[in-house]
There are 4 protein chains.
Amino acid sequence: MPPTSINFKEQMSEVRRTQILLGAAKVFAKKGFHKATTKEIAKTAGISEGTIYNYFENKRELLVAMIELLALQPLKNIVNTDLSPTELLTAIIQDRYRLVKEQGYLLAPVIAEIFADTELRAYVYQKIIIPASSYLEHYIQANIASGQFRQVDPVLITRAFMGATMLNFTIKITQLDPRYDNITVDTMIEQLVPLFLNGIGGRD
Amino acid sequence: MPPTSINFKEQMSEVRRTQILLGAAKVFAKKGFHKATTKEIAKTAGISEGTIYNYFENKRELLVAMIELLALQPLKNIVNTDLSPTELLTAIIQDRYRLVKEQGYLLAPVIAEIFADTELRAYVYQKIIIPASSYLEHYIQANIASGQFRQVDPVLITRAFMGATMLNFTIKITQLDPRYDNITVDTMIEQLVPLFLNGIGGRD
Amino acid sequence: MPPTSINFKEQMSEVRRTQILLGAAKVFAKKGFHKATTKEIAKTAGISEGTIYNYFENKRELLVAMIELLALQPLKNIVNTDLSPTELLTAIIQDRYRLVKEQGYLLAPVIAEIFADTELRAYVYQKIIIPASSYLEHYIQANIASGQFRQVDPVLITRAFMGATMLNFTIKITQLDPRYDNITVDTMIEQLVPLFLNGIGGRD
Amino acid sequence: MPPTSINFKEQMSEVRRTQILLGAAKVFAKKGFHKATTKEIAKTAGISEGTIYNYFENKRELLVAMIELLALQPLKNIVNTDLSPTELLTAIIQDRYRLVKEQGYLLAPVIAEIFADTELRAYVYQKIIIPASSYLEHYIQANIASGQFRQVDPVLITRAFMGATMLNFTIKITQLDPRYDNITVDTMIEQLVPLFLNGIGGRD
DNA sequence: TATGAATGAGATTTCATTCAT
DNA sequence: TATGAATGAAATCTCATTCAT
């Protein structure tokens, strides 16, 4: 048999895995991890219950696989360019907002379980938070060194930025507060970028 | 029977309710809401399973009651004084940190479910986030009016402040990052208060 | 509450345990351990499936409990009298035959699992085989010492006697061989007692 | 196609059947019939799960086929010679011990199921026990006729001999009793052969 | 009001068997 | 004929909730 045949099988397997994962994500998003049943996941993914277990050890592994999927995403649109502080923070906010908007259904069940599952929490911190933060951390570090920014703690400030943006995104996207109805991403950028840049003494 | 008797009964009932609630909180904190069993809650609270249902409709109501309990807490130490911006933000951080540290076991299971249960999310936002934010919102509003602060959006900035502090608290308290080992609340105050005050153009 | 109330509860609990155990034994006997379902056990015992698990850790514990039940039985009718060799072997055969006949439905599923479950095998050997053998072993030992019997290995000969009787009992009771139709316990006694007594050089 | 081709095919088919059967036997021996999975059987036999069903109707048929395989074995080393009683019983014990030792992994799962599956029990009795017993039965019969042995029931005594030896073999081989550590087959022969020969009044 | 045994619906997971390739 | 992915029925076990005492 030609080598393409092997590739074909592998590809099919990968496709099926993703199919199951997306089904799971949909149901997790709607019901939460614990109330999501494998029966509904199977139905949503268009396969039978047993098939889930040909691709994943158990239900929890679906969540872990979702974390790995998320871990591949975030950095893409930001990196490898020569941006001014304003441009960088703007780019980060835009990217994260898009991420939360588009992949929030993947994110929400993961975040929920983080608060109940210590092991998962550590895993997410290593796999997602740290990688997603490191670019900004180093950027701040470099600008402190060059005298552009005040002497702040890059780790703490980076997480402050993440916490600040993420909470606002969440409120906006889940429509928790009617006062956010006419707050757009651009509004957030207008408000949060100067907040942080002034805050760390950055001049553009 | 004399009215005092009724009061006594009511008080007893209230005591028993709290006793159950604290038992539930402990188990929720250890296992998460879904993996916590009513059997273990009863044991932890020192009562029998059936008794839980004399005071609460069902398991979920324990969570709702915990939200109400939390809603009573946060404002206490901050309000009704004449504080400078630095003093206020410092006081807020200190108070919230204490809250997260002391009542994190009440908070964590509630937050976890927020991401899985839309109805609960709205309830928490109304009962906790809005009340906990309003003082700072109005404070910022007032200082904008008096020209002390720049023209910022008080709602958005208040949530930015909450998100920034809360994420840092969580990382610290759950010991997710060894780099937080020698970051104290005071470090956080040193870093975050100037960040926000400079950020909103506040002069102390 | 009076102490009898406590006793009553304990007794009820014991009754329920036995009720479940007998239900399980019936189904095990009919279907074998693995094909017996907890659903059918519950139905046979006249309780709900969940109740099984209030009294037994898991399905396998039902088997273990049956072993313990069997372990209490065998010795009763034989013991502590001054019997001649013929009388003793006759008594043993009669007692064992009765046991296999009356409790064979408890025995069969246990024996079946012995061949598949090493741990269970050891447990049965310690709990049942050894106690059930020791009286005869010591009896043989004593008669060798007094010169009544030849110098034989009491352990090996005792098990030879057990194996010889048990296989014949099984064939008889399960009606595997039509030639056993007119073989009674008395026939077996007539055949097997002299076989062993002559075999070990015993004079009555 | 030439007839040799058909023979070749048939032989291949027979080889494959045996290959599967030995794989099954290994897994049955390790896990017991019910806990053995077709997946593991396939892996052990070096074929795929589906292939099993090209050669056997279902999983149970593997057990039936194993019984047939066993049915071919036992008689070999004993028959068609002119042996004295002592020589014969010695030969039988040696042969059976070897059988249990070498093919115990085939035997154990079969015996286990015998106690759970009535139909299988009857089948094994017809296919294995009766053939394995008949030679000794007739031998005893003949010696009674010639006055060498007492008037005993050959069927019952033969099974007594089988039960006696088999139980001792099992205890020895499964190492259930440390007292069997220095009991060898020769010890068993020394003990059991005189036991039975004296028992049936045989003179050598 | 307190108890805790009983309930039974429902969840996860396993695995013999099928069947398209 | 061989493969192994897919199936889905079925099994064990859990646990929130009820209710007789």
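Every chain is numbered from 1 and lettered A, B, ... according to where its sequence line falls, protein lines coming before strand lines.
Mapping A:N54 and C:K35 onto DNA chain F by nearest heavy atom places A:N54 at the nucleotide closer to the 5' end. Of the two residues near DNA chain E, D:F33 and B:T51, the one whose nearest nucleotide lies more 5' is B:T51.
OP1 or OP2 of F:dA11 has not a single side-chain nitrogen or oxygen of C:T38 nearer than 4.0 Å. Proximity of B:R16 to the phosphate of E:dA2: a side-chain N or O atom is located under 4.0 Å from OP1 or OP2. Regarding contacts with the backbone of F:dC15, every side-chain N or O of C:Y53 stays at 4.0 angstrom or more from both OP1 and OP2. Taking side-chain N and O atoms only, D:K59 has a distance below 4.0 Å to OP1 or OP2 of E:dA16.
Counting non-hydrogen atoms under 4.0 angstrom, B:A36 reaches the backbone sugars and phosphates but no base. Residue C:Y55 is classed as a sugar-phosphate contact, given heavy-atom separations below 4.0 Å to backbone atoms only. Looking at heavy-atom distances under 4.0 Å, C:S48 makes contact with a base. Residue C:I52 is classed as having no contact, given no heavy-atom separation below 4.0 Å to the nucleic acid. Here D:T37 lies in heavy-atom contact (under 4.0 Å) with sugar-phosphate atoms only.
Across the protein-nucleic acid pair, A:E49 atom CD and E:dT12 atom P stand 8 Å apart, rounded to whole Å. Atom CZ of C:R17 and atom C1' of E:dA5 are 16 Å apart (whole Å). In this structure, A:R60 places its CZ atom 18 Å from C1' of E:dA11, rounding to the nearest Å. Rounded to an integer number of Å, the gap from A:F56 CZ to F:dA6 P is 12 Å. Taking atom CD of B:Q19 as the reference point, atom P of E:dT1 lies 15 Å away to the nearest angstrom. The interatomic distance linking C:F28 (CZ) with F:dT12 (P) rounds to 9 Å, in whole Å. Residue C:M12 contributes atom CE, which lies 10 Å from atom P of F:dT21 at whole-angstrom precision. In this structure, NZ of C:K39 is placed 13 Å from C1' of E:dT7, rounded to the nearest angstrom.
The environment of CD in C:E68 is crowded: more than 12 heavy-atom neighbours from other residues, nucleotides or ligands sit within 6.0 Å.
Under the 4.5 Å side-chain criterion, counting only non-hydrogen atoms from C-beta, B:T51 is not in contact with B:F56.
For E:dT12, the paired base is F:dA11 (Watson-Crick or G-U wobble, both distances below 3.5 Å). Using the Watson-Crick or G-U wobble rule with both distances under 3.5 Å, E:dA20 pairs with F:dT3.
Ion pairing of A:R121 with A:E113 is absent here, as no side-chain N (NZ or NE/NH1/NH2) approaches a carboxylate O to less than 4.0 Å.
Relative to the six-membered ring of D:F33, D:K59 meets both conditions, a distance below 6.0 Å and an angle of at most 45° to the axis.
Distance check, rounded to the nearest 0.5 Å: OG of D:S13 to CG of D:N54 gives 9.5 Å.
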A:E40 vs A:K30, salt bridge (Lys or Arg N to Asp or Glu O under 4.0 Å): CA-CA, chis, key distance, verdict: CA-CA 11 Å; A:E40 188 171 359; A:K30 195 169 69 185; 3.2 Å; yes
